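See structure below.
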Amino acid sequence: QVQLVESGGGSVQAGGSLRLSCVASRFPNRWMGWFRQVPGKEREGVASIGSDGTITYADTVKGRFTISNDNAKNTLFLQMNSLKPEDTAMYYCAARSCYGAGCVTFALMRTSYPYWGQGTQVTVSS
């Protein structure tokens, strides 16, 4: 059973920073992602990182968010800088097993991921 546990959410003023963490079970060809969702809207991909180090970002967070992982600690991170009120959402860690060049194509699609954490709330005030 794959388990994902997020932490690090909170409230911050616009322009501030937060760092999210996700402790994940280890499994082969692990591809991890961060998603976010606000009430009434679809869950959207924010960033992903493959087992080969391939990284993708949503256009809305490029240059502000950084995804990384510590394989020794089975922990995924999302460093969020220059936060904006529109970044307010529940943030979810997700995982899938994927190998090959095609993995990046659907890296930010929520339907590509079968495993999800419980979410951590991020609130950015203006």
Side-chain angles (χ1 to χ4, degrees):
Q1 182 71 19
V2 176
Q3 292 187 326
L4 305 171
V5 181
E6 304 100 331
S7 62
S11 297
V12 65
Q13 288 191 326
S17 298
L18 283 172
R19 188 193 198 202
L20 305 184
S21 300
C22 172
V23 179
S25 302
R26 185 186 296 273
F27 58 91
N29 303 315
R30 190 174 66 185
W31 193 291
M32 306 290 294
W34 286 102
F35 289 74
R36 65 187 182 186
Q37 187 172 23
V38 298
K41 291 191 175 182
E42 291 285 324
R43 190 171 297 186
E44 63 175 3
V46 173
S48 72
I49 184 167
S51 57
D52 63 353
T54 301
I55 289 176
T56 58
Y57 292 103
D59 289 342
T60 52
V61 305
K62 280 181 181 177
R64 300 188 299 121
F65 291 11
T66 302
I67 189 171
S68 62
N69 58 22
D70 183 336
N71 288 323
K73 297 182 179 179
N74 292 326
T75 304
L76 177 73
F77 300 102
L78 184 68
Q79 178 66 44
M80 304 186 294
N81 298 329
S82 302
L83 282 161
K84 304 175 182 179
E86 51 263 44
D87 294 318
T88 296
M90 184 71 77
Y91 282 72
Y92 296 90
C93 174
R96 61 173 177 164
S97 180
C98 192
Y99 178 80
C103 294
V104 69
T105 303
F106 303 107
L108 295 180
M109 286 185 62
R110 61 177 178 81
T111 53
S112 298
Y113 293 81
Y115 307 113
W116 293 87
Q118 81 288 351
T120 185
Q121 178 67 37
V122 171
T123 301
V124 184
S125 58
S126 57

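As the structure is a prediction and not an experimental result, all values here were calculated from the model.
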Exercise for the section: Treat each ILVMFWY residue as a node, draw an edge where side-chain heavy atoms are under 4.5 Å apart, and state whether Leu20 and Tyr115 are in one component. Expected result: yes
Problem - Side chain to side chain, Gln37 and Arg110, heavy atoms closer than 4.5 Å - result: no
Exercise for the section: Give a yes or no on whether Phe77 and Tyr91 share a hydrophobic cluster (residues Ile, Leu, Val, Met, Phe, Trp, Tyr; joining criterion: side-chain heavy atoms under 4.5 Å apart). Expected result: no
Practice task
Nearest 0.5 Å please: distance from the CG atom of Asn74 over to the CZ atom of Phe27.
Solution key: 10.0 Å
Exercise for the section: May I ask you to say whether Asp59 pairs ionically with Lys62, meaning some side-chain N is under 4.0 Å from a carboxylate O? Expected result: yes
Handout entry: Separation between CZ of Arg19 and CE of Met80, rounded to the nearest 0.5 Å
Key = 11.5 Å
Handout entry: Heavy-atom closest contact (Thr88 atom, Val124 atom, distance)
Key = OG1-N, 2.8 Å
Practice task
Enumerate the residue pairs fulfilling side-chain hydrogen bond (donor to acceptor under 3.5 Å, both in side chains) with a member in residues 97-109, sequence neighbours excluded, ordered by first and then second residue.
Solution key: none
Practice task
For Arg43 and Trp116, work out which heavy atoms get closest and say how close.
Solution key: NH1-CE3, 3.3 Å
Practice task
Supply the atom-to-atom distance Ile55 CD1 to Met32 CE, rounded to the nearest 0.5 angstrom.
Solution key: 13.0 Å
Problem - For Pro114 against Arg96, the heavy-atom pair lying closest together - result: CD-CB, 3.7 Å
Completion exercise
Nearest heavy-atom approach of Tyr57 to Leu108 is C-CD1, 3.7 Å
Problem - Whichever hydrophobic residues join Phe106 through chains of side-chain contacts under 4.5 Å - result: Met109
Problem - Val46-Trp31 co-clustered via ILVMFWY side chain contacts under 4.5 Å - result: no
Exercise for the section: Measure the CH2-OG1 distance between Trp34 and Thr120 for me, rounded to the nearest 0.5 Å. Expected result: 7.5 Å
Fill in the blank from the handout: Closest heavy-atom pair, Val104 versus Thr54, reported as atoms and distance to 0.1 Å, is CG2-CG2, 4.0 Å
Exercise for the section: Grab the two heavy atoms, one from Asn81 and one from Ser17, that are nearest each other, plus how far apart they are. Expected result: OD1-OG, 2.9 Å
Exercise for the section: Report yes if the side chains of Arg36 and Thr60 come closer than 4.5 Å at any heavy-atom pair, otherwise no. Expected result: yes
Problem - Side-chain donor or acceptor of Tyr92 paired with backbone N/O of Gly33 under 3.5 Å - result: no
Problem - Selection residues 1-16 - residue pairs positive for side-chain hydrogen bond (donor to acceptor under 3.5 Å, both in side chains), sequence neighbours left out - result: Glu6-Gln118
Exercise for the section: Without swapping roles, check the side chain of Asp70 against the backbone of Ala72 for a donor-acceptor pair under 3.5 Å. Expected result: yes
Problem - Distance, nearest 0.5 Å, that separates CG of Asn69 from CG of Leu76 - result: 6.0 Å
Exercise for the section: Measure the CZ-OG distance between Phe35 and Ser48 for me, rounded to the nearest 0.5 Å. Expected result: 7.5 Å
